[in-house]
Amino acid sequence: MLHVALWEPEIPPNTGNIARLCAANGVPLHLIGRLGFRLDDRDLKRAGCDYWPHVDCRRHLTWDDFFTAMSGSRIIVVSRHARENYCQFRYADGDCLLFGSESKGLPDSIRARFADTAVTIPMSTPHVRSLNLATAVGIVLYEALRQRNGW
């Protein structure tokens, strides 16, 4: 099983779309730290459609809570600052794909701690800083699932 974790997500429709991806693939979704919305937000619910009952959503108020809950799992940091292409990385059962917030990404301390398991999504031009969070999660999650499931 894989996991998806979001560090302090800010935009409800992004989190709702990611929740739908997780529901479609039986992947737990971890929400860490301060959220930029309430979990009963109308836009969050609408983006997740009627799939919320099928989302294994786990709330962690602090980084330490999340890290304790994920003991035994390898944390894969997805960041524009990483050097390894997400397609070249070898994913394993139990891996947790960790994504930062839409406006700030992940704190330097977290990126540094997991530098050995950090991946990036390459972009062809320098004109864009980052991809939409839900898009990035979909890209990396489906590559990890392809590798694990032999698709």
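All residue numbers refer to positions in the sequence shown, counting from 1. Any value given below was found using the heavy atoms of this structure, including those in side chains, with hydrogens, waters and symmetry copies removed.
F66 and F114 fall within the same hydrophobic cluster, where Ile, Leu, Val, Met, Phe, Trp and Tyr residues are linked whenever their side-chain heavy atoms come under 4.5 Å apart, directly or through other members. There is no path of hydrophobic side-chain contacts, each under 4.5 Å, that joins V137 to W7. I32 and F37 fall into different hydrophobic clusters, defined by Ile, Leu, Val, Met, Phe, Trp and Tyr side-chain heavy atoms under 4.5 Å apart, directly or through other members. Hydrophobic clustering of Ile, Leu, Val, Met, Phe, Trp and Tyr side chains at less than 4.5 Å, counting indirect connections, unites L97 with V119.
Atom CD in E84 sits 13.0 Å away from atom OG in S79 (nearest 0.5 Å). For the atom pair NE2 of H3 and CG of D93, the computed distance is 9.5 Å after rounding to the nearest 0.5 Å. In this structure, D95 CG and M70 CE are separated by 9.0 Å, a value rounded to the nearest 0.5 Å. A distance of 8.5 Å separates CD1 of I110 from CZ of R113, quoted to the nearest 0.5 Å. With rounding to the nearest 0.5 Å, the separation of CG in N17 from CG in L133 is 10.0 Å. Summarising the geometry, atom SG belonging to C57 is positioned 4.5 Å from atom CG belonging to L29; distances are rounded to the nearest 0.5 Å.
Nearest heavy-atom pair across E102 and I11 is OE2-N, 3.3 Å. Taking all atoms of both residues into account, the shortest heavy-atom contact from V55 to A23 is CG2-CB, 3.8 Å. Between P28 and C22, the closest heavy-atom pair is O-SG, 4.3 Å.
Here the side chains of V78 and Y86 are not in contact, with every heavy-atom distance at 4.5 Å or above. Between L21 and Y142 the shortest side-chain heavy-atom distance falls below 4.5 Å. Put simply, the side chain of K104 does not reach to within 4.5 Å of the side chain of E8, judged on heavy atoms. T125 has its side chain out of reach of M123: every pair of non-hydrogen atoms, C-beta onward, lies at least 4.5 Å apart. With contacts defined as side-chain heavy-atom distances shorter than 4.5 Å, the pair I139/L131 qualifies.
Ring-plane geometry between H30 and H60 is classed as parallel, the angle between the planes falling under 30 degrees on a 0 to 90 degree scale with a further cut at 60. Between F67 and W63, the ring-plane angle classifies as parallel under the 30° and 60° cut-offs.
Looking at S73, its side chain does come within 3.5 Å of a backbone N or O of G94 through a donor-acceptor pair. Not a single donor-acceptor pair under 3.5 Å links the side chain of N14 to the backbone N or O of E10. For the pair R59 (side chain) and G33 (backbone), a donor-acceptor distance under 3.5 Å is present. Looking only at distances, no side-chain donor or acceptor of E143 sits under 3.5 Å from a matching main-chain atom of Y91.
Among L61, I18, L6, the one residue that satisfies the side chain to side chain contact (heavy atoms under 4.5 Å, CB included) test with L31 is L6. No option in I76, V4, L106 other than L106 meets the side chain to side chain contact (heavy atoms under 4.5 Å, CB included) test with L98.
Within a 6.0 Å sphere centred on CG of D116, other residues, nucleotides and ligands contribute 12 heavy atoms or fewer. In the displayed structure, R74 atom CZ is contacted under 6.0 Å by more than 12 heavy atoms of other residues, nucleotides or ligands. Heavy atoms of other residues, nucleotides or ligands lying less than 6.0 angstrom from CZ of R90 number more than 12.
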